[in-house]
Structures are given as structure tokens and as C-alpha cells.
Asker: 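Have a look at this one.
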Amino acid sequence: MYQSVPQNLDFPELEKKIQKFWDENRIFQKLVARNRGSEKRFRFLDGPITANNPMGVHHAWGRTYKDLYHRYKAMQGHDARYQNGFDCQGLWVEVEVEKELGFKSKKDIEAFGIDNFVNQCKERVDKYSKIQTAQSKRLGFWMDWENSYFTMAPENNYAIWHFLKKCHDQGWIYKGYDVMPWCARCGIALSDMEIATEGYEEKTHKSVYIRLPIEGRDHEFLLVWTTTPWTLTSNVAVAVHPDFTYIKVKQGEEVYYLAKGRKEILKGEYQIVEELPGQSLVGLKYKGPFDYLPAQQGLKPRTVAWKDVTEEDGTGMVHIAPGCGKEDFALGRQEKLPVVAPLDEAGAYIEGFDWLTGKNVAEVAEDIIADLKKRGLLYYAHKYTHRYPVCWRCHSELVFRLVNEWFISMGPVYDKPYSQVTPEEKRNSLRYRIMDSVKTARWIPSFGEDREMDWLKNMGDWCISKKRYWGLALPIFECGCGHFEVLGGYKELRERAVHGWEKFQGHTPHRPWVDEVKIKCSKCGQPASRIPDVGNPWLDAGIVPYSTILPLEDCYTPDKEKSGKYRFDPDRGYPARREYWEQWFPAEFITECFPGQFRNWFYAILTMSTVLEGQTPFQTLLGHALVKDEKGEEMHKSKDNSIPFDEAADRIGADLMRWIFCCQNATQNLHFGYHNAAEFKRKLLTLHNIYSFYITYARLDGFSPAGRKPDQSRLTLLDRWILSELNLMVGAARESLDSYEAMSAAKRMEAFVEDLSTWYVRRSRRRFWKSESDSDKETAYLTLYACLETLVRLMAPMMPFWAEEIYQNLVRSVDPKAPESVHLTGYPAADESLIDRRLSEEMALVRKVVSMGHAARKESRIKVRQPLARLLYRGKSLEVWTVIEKYQDIIMDEVNVKAIGPIDDPDRLIRYKAKGLVSKLGPRYKNQANLVKETVPTMTSEQVKQLVQEGSFTLSLV
RNA sequence: GGGCCCAUAGCUCAGUUGGUUAGAGCGCGUCCCUGAUAAGGACGAGGUCAGUAGUUCGACUCUACUUGGGCCCA
């Protein structure tokens, strides 16, 4: 017997109930068990979520897709691994732990002890991985939550070692120098990405125009501008644009050179002496602004050509300090300029800078300006406001500092399109081999491929080091003799260790424990230490296609480590269980948020996979856009418009959230908000009402379908129509989901519900009302039941809770033989025998006729309530007549007329108009089609009538 | 400077091989229903599909350029 349906559709409440039902009856475990060992597999690879904070609503989007396709495949009997991943290591976690502990700088961390600090980081990951697990369950995300992978696992780190060694064997690993944005407070270099996200603020600085005497030309100066006077100590060149026009101006005794387009910066009266091309100013020697500093001795500052000089600000003569600026450094490399790097890690001047040595860069601007003035080099100084990079953690202004980092060489870029690169050239350039991998995968949307290719073509070498604490211990051992080696795993470390092994043994390969181990330099025999750097976290996430595809019980989780169930087997090679791995590699499907990942996770897995296996680790990649707030603005905790996952789950429920994500075009940003959600809910209410309608009357009648299907011979036209629509929809939905197009599947379902409600149920209500139980009533019940039952299974992967809620009452309560859960049923397949395309078309025509009837009533202001004698129609073809006749009962009822018939006196009532069908006219008349199309409507009513009667009419084109 | 995406009704968005009158929801107007009712339904108004040029018998759809917005790289 059916339970009555509550009036309100309360997602959070029903979800709690269903969750309990799933847990108590171990539904997920039963589903897994049912499909285990099946020949059909769904090979999915999860991109790890950073276990560092509670989830926001934006996390729920991708996770909805992950769950939806898993469930869809599982209902079809596919086996899967259901492995979720947590990203554990990296600065993100360190920053939060530092905040918790109230730390301000690296000094605080070192005073606290690296071991203590690293343990705190592990604790944090442990804590938030548990929170995210609970939240994911709340979303209805069915994963094997006991066996998630953690990127901090020894397997993961050692697998990266293996990868790095392989790179080193090819000679790709090198120690390089670059100028990086640097936070003097935190003592770290920041990546461009860290700055791009929220790293700029409006700042006012003292900027200076200075004059630099040209050697061998008396009283002639280069006029140069900078917003960062502290970098003048490291000036080695001045850049001019070779194609700009420069001017030589006279002010009193002095002669200045600057770009013509920047003359408004000159102070006071001046005369233009000469105009000259920038090219003619290249190669001049000048006296550097701080040539008296020890660090500046022996440099020969000169002017160089540079196409990036602009005329938007400054003087068109750009101060170049390769030790203090990224672009400067790149130009310096090209021009072979010397590099003067003035700052230490804390932002203080190093030895060799005279009175500046020991002073902090943040405090020297005024002194430097005074010094320039004293020496007669200052033209003038002024305040200048601009957007300046700051540290996203502590908001200190960043400086640019020369640092040494470790890189993986990505190989040369050839000056030609990818398609023209030869196999030989590809062998010599990793980046093109990665491109080959990219090309073998399917990217949804397809422009993702273009963007990845563009990134690969333009990317620099991969900077893999970071001067921090919590992360992959880079297995690079550097000896005092200059030689360095890369170790490929635990075994090699054990074999090569000459010192400190006992202090490391039993620990995870993290700082500070692993730092204790010294090896013997294979070149000079002296002990070599590991470099203190930790790894780029994208190495951690990039290795997961190799390190995490293990039998699930072998996967590392912090709990297992604590309980002793987890045992790291140091003798495992790569990949840990090759036979098992081969069954699940490559992933057939991955899905993540698009922006950012082209150069992060996608890039990392592609690169590592190309190096290790020479192929892509995934076959299909589905990318989705970002979640914004209701107004389309970025969600920010500080802006008070961000929505935590828990809040949304409590307020609107997981299923409504999931449905919103399913209805969204994956390539477009989603505007998430509660007003919007209410609209989606109202749409879903239609289905709720249909379900409620069915249950209400079935209860009254004591009706039970108990697995029966409607008797074909008793189906009414309307029954046959809705069953046809149902099966058409089932086919379309499957097709969409097979190509990972959730939106079209969702929209199709929504349209069906609309048809079911406004046409089938509304028109069939009386059949349910009548008091006697006859076969027609039963047929109506069984038809509506078939629609609901199928629909519920169809929607189950998208809205798993609600589908279960309905299924339990609709199906299970009256049929104990039915599967225990909707998720243990099969995914509906279209029954071709019930599809009647002609019927669908006919019904569409009928609905059109009804609509026109209503419109005609409205126009004459005659309410539907008032019956009319007859509806007259005139169809353009015999088929229309037939159809109208066939369905005249429906039409008469809907439009409320007593009779219906063809117009018997067409001449009096009908005026004919003709119109050209461009799809037919085009191919037939080609060039003249347009003329025909324009002429046809000029035909008189009589002419059209003749055309209709005789089948042809000759029309002359003017 | 290079690459990618977007621009369709007041708002949020659909529109997959180019082809009748370009669609939906919300909002708006006019009504209906009152046996799915703290619901539901009908009809209607509203669009030079950013602009220009091209390809084509035919372009919202393809190509080029322009403008505006967003992202990535330099």
C-alpha cells in the first residue's frame, strides 16, 4: 500500500532519511558487489581535491558530474574503483597551519621545529579530508570513502622520485636561475599564478626620473624612469625601442634623450634639437646610476634594443636590472647582460652595496632618492599610483629577486606549426611529445585541446622546487663538488645512504627526517646532502595515474597508518602493481574545472604520463567552468557572497544543487544563488505534483501496479502517445549521457515532465476520478505508473535521493520483488516497439490546433467556459484533415465546442496566402530562389486557390 | 603582441551536420481553473540573433575583420 505524499517537497529532510536508508541497508556496497568483476568497466580517475578547507558550492559541480557518470555506468552494470583523491602537500596547507599557529615568517616555523610543523600539516590534511568526506557523502557522492588516495602517501612520493630520475636520465633536470616575485616576509618565491588570482593592490610609490650621462658626450643624458628606485643599484642597461622616434632636447646647458611620444614628462622649457630613430641610440655607453658600489664594478652599462618598450608611461628609455625583474632577466639573457642580485631572502641588501648593505628594501626609497639628488642624477621624483603585486598571504609588497630553482627542461620550441614538426624534432623536444599525447584524447568542449596545445607551445621549463617545508622531498642530492644526483625511490635511498639512515627509517619521506640521509657523491666520494627544497605540488597530483591505481585495500589513508592496517612495502617498484594497474589505465574519463588546470593538473598528468608511458593517461576529458554568485561576480569569503557547501545543502538540499549543475552548460560560468535555485525547484514541483496525484488516487482506489504493464490493446491514443514520448526521451537521454552531455539529458527530461503534466495528466484526470474500477482506469494507472517509474530510474544518477524517495514508495512498497533500491535497478532502455513517431507528430499538430482555437476565442473575447457550436478548420493537406478528424474528441473538449468540421464554404471564409519554402526553393531555383520567395506572397487568394486545386500554377517573375 | 571563449527577448540562458514564423524559464499584460489547490493552466506583448564584409540559392549557424566582455600566455 502506498504512503501518502507530503505536500511539501523538502529535499534536506528526505535526503537525511534516504541517507540513513542507504547506510543501514548498505546499498552502495551492494551495488559495488553486484558489478564487481564485470567485464564492463568504468575507468575513472579522480583529480585530487585539496584537503585544506571545507568544500564550497563550486566543488559540488565537478563532484556532481563524477557521481552522475559513475551511477549511470553502474546502473548499466559497469565495475568501477570509486576512488576519491585528496591533495595533501604544498603551500596551501602550510599557509593555513601558519595562520592557525599565528606564525609570521619562516623563522617562526624553524623555531617551532620543522618536524612539529610538518606533523601539524599532516593533522590538518587528516582533519579536512574527513570533513570533505562527510560533505561529499552529504552530496550523495558515492565513492569508496574508506579507501581514498592521499598524495602525501609514500607510494605517491616515491613514484615521483621514479619519474624525476627518469627525467634526469634524459638530462632534463637542471638547476637554473630566474627572477621571481618574492615575499621578503614569508621568505618565498611566489608563482605567477599566486599573484594572478588576488595578488595586486593599488599602491602609491615614489617614482623617479633620472638622468644618466652618456659616455663621450658632454652634458648629454639618457632620461630614464622607474617606480622602484631600489632596483637602480642593479642597473646594467637601458632599453630603447628600435622603431620608435626619439628626440634630443636641450634644457639650458643639458641635452636629454627620450621618446618623442613621452615629451610631456619634461619639466620646464625645452627645445627639440633633433628627431632620431631608436635604432640609432642602441649601443651607447653610459655611466650607471650607482657605479660607485662595489657590486657594480667592472660592468659596462650600455643601451640595448627591446621591442617591449612602450610609450604609455616613462620616457621610452627603460631601466634594466636583470637581477630585479622578470622581463629584465629574460632580456638580459638574450643580450648577455651581467646580473646584479642585491637582496637576500629577508629582503635586505647583501654585501657589496656600501651604505645600503643590511638595509631592508622596503625602507630605502627616500635615501636612494636623496643620494641620487646629491650626485646630480635626479631629474625629478613624483608620486605614482599603480597596481602592484603583493603577497596573498600577508599583503606585503613583493620584490623581484634572483633565485635558484630546479627545473625540468621541456625542450626547444620550433618556429613552425605543430603539424610540421618532424619525428626527429619531437624526439628532441618533450613538449611536442606531450602535444602528441594531447591529440589522442577527446576534449569536451573541444576548445580545451586548443588551449592545452597553446599552453604547451608557450610554457617555460617546469619549475619543480619550492623553498618550503611541507611537500615532496625532492630526491636531488647535491655535493660540494658541484655534482648532483637524482635518486629514484626508497630502495635506492637505502642502498646509497652512508649516514643518517637510522634517523629516517620508519618515517614518511618528508622533511626533516629524510634530510638526515646523506649519500656518497658518485663523483668525488664526499657525503652529499639532499637539497632542502620541496616539490611543486602539481607533481604530487600529476603522478596519481601511476601511484594510486592499486587494489583499494593497499591504498594509503592516514587512518590505516594509525591503525596499523597500512603497510608500505619498500620493495615495490613502479607502478606498484603493474598487472592490476594495466586493467584500469588509462582512465576513460576525467572531469575537472577548466580554468587553471591546463597548466596545472592536466599539464602535470600529461607530462608525467608522456615521460613514463609515452601516452595520455585519459581518453576523455570533460571540463567545466566556474561557479559565480547570482550576479555573475566572483565568490569571495571577504565579499560575503560565497556560499559554503554545508549552507547550501541545509537550505536547498543536495539534489536540487545537483539538478542545477546537471542543467548547466558546462562551458558557461554558473550563477549560483538561492533565488535561482527557487526557480529550479518550482520546475521540479511539477513532477512532485504528478507523483502526488498518482499516489493520491491509487490510495483511494487501492490500486497496485505490482510489476504489471499496461495491456497494449487497451491503450488510448493519449496513452500510446505518452508512452511513445517516454521512450523517445529515454533514447535521447541515454545518447546525451553517453557523450557526457548532462545538460541536454536534463532538459529533455524536464520537457517530458512538462508534457506529462500539461497534456497527459490534465487530459486524463477524469479517468482516475470515476468511481468504478474498470479496465480503462487501470490502463491509465499503469500508463502513468510506467512513465513515473521509468523517469525515476532515468533521473536517479542526477538526483539520487529524490529518485530513491519516490522509488521506495512508488515501486518498492507495492512490489517486494523489485530491487531494493532504485540504484540497484537497471538504467532504462528505450522500448522501440512503443515509439510511434507519427503519433508524436500528430499530437503536436493537435496541440497546435487547440492552441489556435484558444487564441481565436481570446481574440473574440469568448471564454472557454462558454460552449460554441462548432470549430471549423481548413488543413493544407489531406493528412491534416485526417489527423484532426482522428483526434476530434480531444480538440472539441479542449476548445469546448460541440462539433468540429472542415470549412464547407471556403470561398466565403478563407483568404489564401502563399509562401515559399526556402528549403525547397533553394535547391530548385538556385540563384532565382530569392526572387521566387519574394514573388510568391504576391499571389492573390484566387491564384493560390487555383494552385491548391490544380496542383500547379505558373507565376511570372518580374 | 600571441592563443582561447563569450556577445540571442527587460533578466538568466537553450538553439550539434547552414533551410518554414529564432525558443524556454523568470518578469510583464490579459484571462482560466478551483476534485495535483500553501498548486495548476491558457493566450499574448517583447528580438535588425554585437557590427561590417565575404562564402552560399539561402547565414544566429561557416570565414575574415571590427567593437565590447572574460580567461591564458608573453
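Chain A is the first sequence line, chain B the second, and so forth, proteins listed ahead of strands; every chain is numbered from 1.
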Asker: Atom CG of A:N458 to atom C1' of B:C73: distance rounded to whole Å?
Answerer: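 It is 5 Å, rounded to the nearest whole Å.
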Asker: Quick one: label A:W455 by what it contacts on the DNA or RNA (base, sugar-phosphate, nothing), any heavy atom closer than 4.0 Å.
Answerer: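 Counting heavy atoms under 4.0 Å across all strands, the contact made by A:W455 is with sugar-phosphate only.
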Asker: Can you list the residues that meet the side-chain hydrogen bond (donor to acceptor under 3.5 Å, both in side chains) rule with A:D436, with sequence neighbours excluded?
Answerer: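 Here the qualifying residues are A:Y418, A:K426.
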Asker: Is the side chain of A:D701 donor-acceptor paired with the backbone N or O of A:F703 at a distance under 3.5 Å, no angle test?
Answerer: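 Here the side-chain-to-backbone pair does not exist.
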Asker: Please check: side-chain N/O of A:H854 versus main-chain N/O of A:E894, any donor-acceptor pairing under 3.5 Å?
Answerer: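 Yes: the side chain of A:H854 pairs with the backbone of A:E894.
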Asker: Can you measure A:K681 atom NZ to B:C26 atom C1' for me and round it to whole angstrom units?
Answerer: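 It works out to 17 Å between those atoms.
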Asker: How far, in whole Å, is B:C62 from B:A24 if one measures between their C1' atoms?
Answerer: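 26 Å, rounded to whole Å.
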Asker: Taking both distances under 3.5 Å as the test for a Watson-Crick or G-U pair, what stems of at least three pairs does RNA chain B have?
Answerer: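 Stem list for RNA chain B: B:1-7 with B:67-73, B:10-13 with B:23-26, B:28-32 with B:40-44, B:50-54 with B:62-66.
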Asker: Roughly, in whole Å, what's the span from CH2 in A:W659 to P in B:C13?
Answerer: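 About 18 Å, once rounded to whole Å.
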Asker: Give the table of side-chain donor-acceptor pairs shorter than 3.5 Å for residues 732-743 of chain A, with sequence neighbours excluded, one pair per line with atom names and distance.
Answerer:
residue: A:R734; atom: NH1; partner: A:Y827; partner atom: O; Å: 3.2
residue: A:R734; atom: NH1; partner: A:P828; partner atom: O; Å: 2.6
residue: A:R734; atom: NH2; partner: A:Q76; partner atom: OE1; Å: 2.9
residue: A:S736; atom: OG; partner: A:A732; partner atom: O; Å: 3.1
residue: A:D738; atom: OD1; partner: A:Y72; partner atom: OH; Å: 2.8
residue: A:S739; atom: OG; partner: A:E735; partner atom: O; Å: 3.1
residue: A:S739; atom: OG; partner: A:S736; partner atom: O; Å: 3.3

Asker: Quick one: list whatever passes side-chain hydrogen bond (donor to acceptor under 3.5 Å, both in side chains) with A:Q597, sequence neighbours left out.
Answerer: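 Listed in chain order: nothing, the list is empty.
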Asker: List in chain and number order the residues that pass side-chain hydrogen bond (donor to acceptor under 3.5 Å, both in side chains) with A:W721, two or more places apart in sequence or in another chain; answer none if no residue qualifies.
Answerer: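 side-chain hydrogen bond (donor to acceptor under 3.5 Å, both in side chains) list for A:W721, sorted by chain: A:E725.
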Asker: Which letters describe nucleotides 40-46 of chain B, given B = protein heavy atom under 4.0 Å from base, S = only from sugar-phosphate, - = neither?
Answerer: SSBBS--
Asker: What does A:E630 touch in the nucleic acid at a heavy-atom separation under 4.0 angstrom: a base, only the sugar-phosphate, or nothing?
Answerer: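 No contact.
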Asker: What is the distance from CG of A:N676 to P of B:G25, rounded to the nearest Å?
Answerer: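 Answer to the nearest Å: 15 Å.
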Asker: What's touching nucleotides 62-68 of chain B from the protein side, N or O pairs under 3.5 Å?
Answerer:
none

Asker: Check for me whether the distance between the ring centres of A:Y697 and A:Y781 falls short of 6.0 Å.
Answerer: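 No, too far apart.
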Asker: Across the strands shown, which category fits A:N665 at heavy-atom distances under 4.0 angstrom: base, sugar-phosphate, nothing?
Answerer: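 Since only primed, P, OP1 and OP2 atoms lie under 4.0 Å of A:N665, the category is sugar-phosphate.
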Asker: Which pairs pass side-chain hydrogen bond (donor to acceptor under 3.5 Å, both in side chains) with one or both residues in residues 670-684 of chain A, sequence neighbours excluded?
Answerer: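 Sorted pair list: A:E630-A:H675, A:E647-A:Y674.
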Asker: Look at all strands and tell whether A:M743 reaches a base, only sugar-phosphate, or nothing, counting heavy atoms closer than 4.0 Å.
Answerer: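 The residue A:M743 makes sugar-phosphate contact but no base contact.
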Asker: Residues two or more places apart in sequence or in another chain: which of them pass side chain to side chain contact (heavy atoms under 4.5 Å, CB included) with A:D10?
Answerer: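 Testing A:D10 for side chain to side chain contact (heavy atoms under 4.5 Å, CB included), a comparison that skips the adjacent residues, returns A:P12, A:E13.
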Asker: Give the rounded distance in Å between these two atoms: CD1 of A:I690 and P of B:U37.
Answerer: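 Whole-Å distance recorded here is 13 Å.
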Asker: Each nucleotide N or O in nucleotides 22-24 of chain B that has a protein N or O under 3.5 Å away: list the pair and distance.
Answerer:
none

Asker: How many whole angstroms separate atom CD of A:E634 from atom C1' of B:C71?
Answerer: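 In whole Å, B:C71 C1' and A:E634 CD are 11 Å from each other.
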Asker: Taking only residues two or more places apart in sequence or in another chain, which ones pass side-chain hydrogen bond (donor to acceptor under 3.5 Å, both in side chains) with A:N896?
Answerer: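 Here no residue qualifies.
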Asker: For A:Q664, what residues pass the side chain to side chain contact (heavy atoms under 4.5 Å, CB included) criterion, not counting sequence neighbours?
Answerer: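 Side chain to side chain contact (heavy atoms under 4.5 Å, CB included) check on A:Q664 returns A:W61, A:Q668, A:L670.
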Asker: Could you tell me how far apart A:L700 (CG) and B:A36 (P) are, to the nearest whole angstrom?
Answerer: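 These atoms are roughly 11 Å apart.
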Asker: Could you state the atom-to-atom distance from CG of A:D450 to P of B:C73 in whole Å?
Answerer: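 From A:D450 CG to B:C73 P: 17 Å.
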Asker: With under 30° as parallel and over 60° as perpendicular, where do the rings of A:Y414 and A:Y432 fit, or are they tilted in between?
Answerer: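 Because their plane-to-plane angle is under 30°, the rings of A:Y414 and A:Y432 count as parallel.
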Asker: For the pair A:Y603 and A:W455, name the ring-plane relationship: parallel under 30°, tilted 30 to 60°, perpendicular over 60°.
Answerer: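 Perpendicular, since the angle between the ring planes exceeds 60°.
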Asker: For A:N669 and A:N8, take the nucleotide of RNA chain B holding the closest heavy atom to each; which residue's nucleotide lies nearer the 5' end?
Answerer: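 Final value for this comparison: A:N669.
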Asker: Is it true that A:F11 and A:W802 have ring centroids separated by less than 6.0 Å?
Answerer: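 Aromatic pair counts; centres sit under 6.0 Å.
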Asker: A:Y65 vs A:F661, test: side chain to side chain contact (heavy atoms under 4.5 Å, CB included). Steps then yes/no.
Answerer: CA-CA 8 Å; A:Y65 285 147; A:F661 292 127; 5.7 Å; no
Asker: Which part of the nucleic acid does A:F594 contact within heavy-atom distance under 4.0 Å: base, sugar-phosphate only, or nothing?
Answerer: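 A:F594: no heavy atom of the nucleic acid under 4.0 Å.
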Asker: Closest-nucleotide mapping onto RNA chain B: is A:F693 or A:K863 further toward the 5' terminus? I mean the 5' end.
Answerer: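 Result of the comparison: A:K863.
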